[in-house]
Asks: 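Quick one: the structure is below, questions incoming.
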Amino acid sequence: MSLAPAIPPEELDRLTDDIIAALKTVYDPEIPADIYELGLIYRVEIDDDRNVTIDMTLTAPGCPVAGEMPGWVENAVSTVPGVQAVRVNLVFDPPWDQSRMSDEARVALDMW
């Protein structure tokens with residue numbers, strides 16, 4: 001006998017879409033593209049209690065907003081209806097490079 005998932009698939013899809021939309025409202029102040037399109041988000045995990053854990057990186061470890069950006073991400077995602085708590089982990093492995101950027105970010109930054 002299997003147990004039904006704590007979060008129905010449709011709700012999980014909505015949460016995921018809303019979290020991505022929230023992530024796209026956070027911009028690197030030095031680059032005119034959002035952190036999601038830049039490829040700075042490595043992992044988003046939603047547990048059965050609707051707690052969200054995000055692994056993210058920065059374009060460079062010495063980024064001037066290194067201390068602030070995780071808070072911006074936490075604040076943005078915590079506004080998503082249904083999300084209980086948000087934890088943001090700053091990671092530098094693997095290091096970020098331009099290959100992680102989406103086509104949208106490449107167009108915005110004219111990096112082809």
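The figures that follow rest on heavy atoms only: side chains count, while hydrogens, waters and symmetry mates do not.
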Asks: Measure the spacing between CD of E68 and CG of N75 and express it to the nearest 0.5 Å.
Replies: 11.5 Å
Asks: Quick one, L23 with D34, criterion side-chain contact (heavy atoms from CB on, under 4.5 Å). Give me CA distance, side-chain angles, the key distance, then yes/no.
Replies: CA-CA 8 Å; L23 291 169; D34 69 74; over 6 Å; no
Asks: Is a side-chain N or O of Y42 found less than 3.5 angstrom from the main chain of P94, in a donor-acceptor match?
Replies: yes
Asks: Let me confirm one number: the CD-OG1 distance from E74 to T79, rounded to the nearest 0.5 Å.
Replies: 11.5 Å
Asks: Mind checking the CG-CG spacing from D18 to D13? Nearest 0.5 Å is all I need.
Replies: 10.5 Å
Asks: Do V52 and L15 come within less than 4.5 Å of each other through their side chains, counting heavy atoms only?
Replies: no
Asks: Minimum heavy-atom separation for L90 to A66, with atom names?
Replies: CD2-O, 3.8 Å
Asks: Does some side-chain heavy atom of Y27 sit less than 4.5 Å from a side-chain heavy atom of I35?
Replies: no
Asks: Atom CG of L58 and atom CD of E30: how far apart are they, to the nearest 0.5 Å?
Replies: 10.0 Å
Asks: Got P29 and M69 here, is their nearest side-chain heavy-atom distance under 4.5 Å?
Replies: yes
Asks: Is there side-chain contact between R50 and V83, with heavy atoms separated by less than 4.5 Å?
Replies: no
Asks: What I'd like to find out is whether the side chain of R106 reaches to under 4.5 Å of the side chain of E37, using heavy atoms alone.
Replies: no
Asks: Donor-acceptor check, side chain of R87 to backbone of N51, threshold 3.5 angstrom: yes or no?
Replies: no
Asks: Which heavy-atom pair separates A105 from A33 by the least distance, and what is that distance?
Replies: CB-CB, 4.3 Å
Asks: So, for V91 and D55, which heavy atoms are closest and what is the spacing to 0.1 Å?
Replies: CG2-CB, 4.3 Å
Asks: Sort out for me which residue in I54, T53, T57 forms a side-chain contact (heavy atoms from CB on, under 4.5 Å) with N89.
Replies: T53
Asks: Can you tell me how far CD1 of I41 sits from NZ of K24, rounded to the nearest 0.5 angstrom?
Replies: 11.5 Å
Asks: When you measure from the side chain of W96 to the backbone of L38, do you find a donor-acceptor pair of N or O atoms at a distance under 3.5 Å?
Replies: yes
Asks: Of all the heavy-atom pairs spanning L109 and M101, show the shortest one and how long it is.
Replies: CD1-CE, 3.9 Å
Asks: Carefully, step by step, assess T59 and L40 under the rule side-chain contact (heavy atoms from CB on, under 4.5 Å).
Replies: CA-CA 7 Å; T59 53; L40 299 181; 4.0 Å; yes
